[in-house]
Every structure is written in structure tokens, then in C-alpha cells.
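Below is one structure; the comments refer to it alone.
Quantities reported herein were computed from a predicted structural model and do not represent experimental measurements. The basis for the numbers below is simple: all heavy atoms, side chains too, and nothing from hydrogens, waters or symmetry mates.
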Amino acid sequence: MSEPQFKPIGNKYTFTWEDEKLEAEVARLHRHQDERLTCNLTFRTFHPQYKPHLLKTSFNLSSSRSRAEIKKHLATRYHEKVDWDAILEVLCLTTEAKFEEGEPVQKLWVDDSDIPAPEYLINPILLKGVPTLIFGEKGAHKSTLALFLMACLTLPWRDNPLGLGVPDHPIPTLLLDWEQEGGIVRYYAKRIRDAAGLAAFPLLYRHCALPLTRDFDKIQSYIDQHNIEVIIIDSVGAACGGKLKDPDPALDFFTALRALKVTSLLLGQQSKDPEAKKSTPFGSTYFQYYSRAIYELRKSKDSTDDEAILALFHQEGSNYTRHQPPLGFSMNYNGTGISIQPQTLDLGEFIEKVKSQQLILDALKQGALSFSQILDTTGLPENTVRTTLTRLKKRNRVMNLERGLWGLVYKE
């Protein structure tokens, strides 16, 4: 058997045996909790007397039974003299060794030279080389904001209306979309372009159906083909797959994301936990741990069908930058375009349901209060207090008492 040529490409490996005229590709490697190492294995031949494809299957590299089954199948498809045991042994041992090897040790000199600070691709939102997460409730216009940011990178849109800092050259950006179809995305991007009078620009787009971990190799090939520097994932829930509250889907997702070695902007949904004291992304806490910058996009209760009044709040947890002040802006949907303009923030417009509930519950911890006393204590609008009390009563958190008072429901 000839020595194979081994080549790592992204998160997959290729083996080429010149004398045997064989090529193998190992992709989608995954270490299971029971220590199995599995992959997608493809065998091809460049022998002129055979069709190129020989085998494509899932393969357990740790199983002698799996090796025997593959050897038997290959021997029936490829009739040349080949030591299949030796080939599979080299493939399995090399793959496992490289997979466990991980990244090499780097010597990082900390000396008197200038060491650049973490760089923004969109200042002050998108950090270069790490994941940034923007989350919010359904209907908070996250996808439209992502298209606006994509235009800022692709053109680049240096005189954008929000005054965001962008590079002085185009940044190739790929939108990976699990939510909408390409025609809809193109339509909304054109409305942003028309309203701002922008030059034509290419929108690199791919509709996705499989979770990122299962579609990794194809996405990696598109990143390499188009020299992509930024990916936008809309949205994290579909891209992740599985039960989002469980840790494994989130951990697998971020492992794959790191392997792509690009800057990423992630769009996510907001948690619906009524007991939470502050808004958080839906799913495992690992979405917060592994996102280097986290923003919440909120829509004002004063928004209309024609105009969305929005605010982007920098959540706690960014390891690399100082806390950013809220960014207020509006999206006007009148006419054929979508105009985006800065908006002076009135933080009272963005009081959340959860915050309203917590303010009322905290007030009632001091004792029973009348409706007017709740208004005075919390400072909330009358309609907000009325709606929130109704919601809390249905959840058996508060109750009506005598003389028009409200009180907490205490549980044993």
C-alpha cells in the first residue's frame, strides 16, 4: 500500500492513495458522550475503468464491525488489488489523532510593541472574529436590521443614517437564512436601497434547511469559494436544531461556528420566561456564554404598522468591549422604501411586560395596595397596570382583596 497524501480542509480531511487510485473524504466528525467518533465517509476512485463514486456512508471509526462492513462493500465495487484493512487502519488512526490534536500551541509575545485592540467591523455592534447575538421578540424587525447591517458591510455604506462605523472596503458577507425565502429577502433589501438611494450591491444569500452541524461542509465550501468574512445566521434556533434548552445542541452549534473561522452575526428569539427579571435569549445559557457581544432589540409600544420605533440595548456579558449606550432608531415603511433614521430614545417607551410585572410584584411585597397606589408606586401607565394585574391574576400571582385592594397570593 502506498503512503496516502493527507490534507485537512476546514473541518474535514482527505486521503489520496496514488498507486491504488483511491481518494477518501472524512467529514462531519463528532465525538459522542459514549466516546464513539463518527463521521461521514466517502470513497472515490480516479481509475479510468471505474465510475468515480464508490461509497458514501456514516462510519463509526471506533468500530471493527463498521470497518468490516465497509471493506466488504468496497471490495465488491472496486476489483483492483487493495489492502483494505491497511487503508482503513491508516484512515481511522490518522483521523482520530488529528481530531484529538486540536489547535497547535501559539507563542503570543506580550512585550512593548503595539497590540491592536479588538476590532469592530460595524462600530459599535459587530466585533471582528467572534459571534455577536441580537435577540428580541417576534416582530421586532431583527431580519430587517440584519439586512441594513449587511448593506453597511457589503457596499460599504459609510454615510449610513445611524452613523455606524464601517470599514473603508467591502466585506464579503453571506446571509444563511432558515426563516424566509430569497425572493422576500431581496424585496426588503431593495426597499432599503430605494429609500436611501444606494448603489446596486450583491446580496450573497443561501436558504438553509439542515442544522449548521449537518450542513457544515457545504457552508464551509461556499465561505471558501466567495472569500466570506462575515456570516449572518437567521435564526439561531433553526440553525442549531434539537431542543434549545438542552446544552448539547448549543455546544455543537458553537463548535461548528468556531470551525468556520469567520465573524458571525446571530439572530435569536427572546425567552418567554415570565419570572425572568431581565430579557434573555431563548434556549440554553450557553448561547449567552459563547456570544461575545449580546444585544436586545426592542420595539416601542408606540410603534405603528407604518413606523417601527426601535432600540438596541447592549446586554451585560461582553468580554471585549465597554458597555455601549442604547441605540435608538426608527424604520418607516411608508411608500415603496424602508427608511431607517436615528431616533431620540424615551426609555419609558420600552418598558417590558416582564419589567411591569416585576415592578408590581415588588410593590405588593410591602403590603396590599389600591389600584391608584400601584400607579403612584410603580410609575407605570394606567393601561399597563390594568393589563398586567389581569395577567398576574390569571397566573395566580395576585388577588383582589376587600375595599378595592390588591395583594400577593402566598403559596405554602
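- Residues Phe148 and Trp157 bring their aromatic ring centres within 6.0 Å.
- The ring of Phe313 has its center no closer than 6.0 angstrom to the ring center of Tyr295.
- Looking at Glu179 and Ser235, their side chains do bring a donor and an acceptor atom within 3.5 Å of each other.
- With Phe282 as the aromatic partner, Lys245 meets the cation-pi criteria of under 6.0 angstrom to the ring centre and within 45 degrees of the ring axis.
- Looking at Thr280 and Gln288, their side chains come closer than 4.5 Å, going by heavy atoms from C-beta outward.
- With hydrogens and angles ignored, the 3.5 Å screen pairs a side-chain donor or acceptor of Thr45 with a backbone N or O of Lys21.
- No side-chain heavy atom of Ser339 sits under 4.5 Å from any side-chain heavy atom of Met331.
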**Message:** Walk me through whether Asn400 and Lys393 qualify under side-chain contact (heavy atoms from CB on, under 4.5 Å).
**Reply:** CA-CA 8 Å; Asn400 292 110; Lys393 184 177 179 181; 2.6 Å; yes

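- Here the CG atom belonging to Leu257 is positioned 12.5 Å from the CG atom belonging to Asp252, to the nearest 0.5 angstrom.
- Judged by distance alone, with hydrogens and angles left aside, the side-chain atoms of His207 form no donor-acceptor pair with the main-chain N or O of Glu181 at under 3.5 Å.
- Tested against Glu69 for a salt bridge (Lys or Arg N to Asp or Glu O under 4.0 Å), the candidates Lys72, Lys71, Arg65 yield a single pass: Arg65.
- Between Glu18 and Gln5, the closest side-chain pair of non-hydrogen atoms falls below 4.5 Å.
- In this model, no donor atom of one side chain and acceptor atom of the other lie less than 3.5 Å apart for Thr304 and Asp306.
- Taking CG of Leu22 as the reference point, atom CG of Leu74 lies at 8.0 Å (rounded to 0.5 Å).
- Classified by interplanar angle (parallel below 30°, tilted 30° to 60°, perpendicular above 60°), the ring pair Tyr289/Tyr286 is perpendicular.
- In this structure, a donor-acceptor pair under 3.5 Å is present between the side chains of Tyr333 and His141.
- Considering CG of Asp234 and CD1 of Ile231, their distance stands at 12.0 Å, rounded to 0.5 Å.
- Looking only at side-chain heavy atoms (C-beta outward), Cys39 and Phe99 stay at 4.5 Å or farther from each other.
- Checked by atom type and distance alone, the side chain of Ser300 pairs as donor or acceptor with a backbone atom of Asp302 at under 3.5 Å.
- The residue from Ile171, Leu204, Leu176, Thr173 that alone fulfils the side-chain contact (heavy atoms from CB on, under 4.5 Å) condition with Ile228 is Leu204.
- Between the side chains of Ser2 and Glu20, at least one donor N or O lies within less than 3.5 Å of an accepting N or O.
- Summarising the geometry of Val166 relative to Pro156, their closest heavy-atom pair is CG2-CB, 4.1 Å, with the distance given to 0.1 Å.
- A donor-acceptor distance shorter than 3.5 angstrom exists from the side chain of Thr76 to the backbone of His73, with no hydrogens or angles considered.
- A donor-acceptor pair under 3.5 Å links the side-chain atoms of Thr378 to the main chain of Leu380, judged by distance alone.
- Note on ring orientation: taking the six-membered ring where Trp is involved, the planes of Tyr78 and His47 are perpendicular (angle over 60°, cut-offs 30° and 60°).
- Separation of atoms CG (Leu61) and CZ (Arg67) is listed at 8.0 Å; rounding is to 0.5 Å.
- Under 4.0 Å is where a charged nitrogen must lie from a carboxylate oxygen, and between Glu137 and Arg298 no such pair does.
- Judged purely by distance below 3.5 Å, without hydrogens or angles, the side chains of Lys12 and Asn40 never pair a donor atom with an acceptor atom.
- Remark: Arg28 is not positioned above the aromatic ring of Phe216, lacking an NZ or CZ atom under 6.0 angstrom from the ring centre and at most 45 degrees off the axis.
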**Request:** Give the C-alpha distance, both sets of side-chain angles, the deciding distance and a yes or no for side-chain contact (heavy atoms from CB on, under 4.5 Å) between Leu267 and Val236.
**Result:** CA-CA 6 Å; Leu267 305 184; Val236 168; 5.9 Å; no

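- Pro124 has its side chain within reach of Leu164: a pair of non-hydrogen atoms, C-beta onward, lies under 4.5 Å apart.
- Side-chain atoms of Pro170 and Leu153, non-hydrogen and from C-beta on, never get closer than 4.5 Å to each other.
- A heavy-atom distance below 4.5 Å is found between the side chains of Trp406 and Leu389.
- Looking at Asp246, its side chain never comes within 3.5 Å of a backbone N or O of Asp248 through a donor-acceptor pair.
- Residues Tyr222 and Arg206 form a side-chain contact, since some pair of their non-hydrogen atoms from C-beta on lies under 4.5 Å apart.
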**Asked** side-chain contact (heavy atoms from CB on, under 4.5 Å) between Phe329 and Ile309: does it pass, once the steps are laid out?
**Response** CA-CA 6 Å; Phe329 58 100; Ile309 301 172; over 6 Å; no

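- Separation of atoms CZ (Arg186) and CZ (Arg193) is listed at 10.5 Å; rounding is to 0.5 Å.
- The backbone N or O of Lys299 sits nowhere less than 3.5 Å from a side-chain atom of Ser303 that would complete a donor-acceptor pair.
- At distances below 3.5 Å, not a single donor-acceptor pair connects side-chain atoms of Ser66 with backbone N or O atoms of Ser62.
- Distance check: Asp85 CG to Asp83 CG gives 6.0 Å after rounding to the nearest 0.5 Å.
- With 3.5 Å as the limit, one finds no donor-acceptor pair spanning the side chains of Thr336 and Asp194.
- Here the closest heavy-atom approach between residue Leu127 and residue Thr132 is recorded as N-OG1, 3.8 Å.
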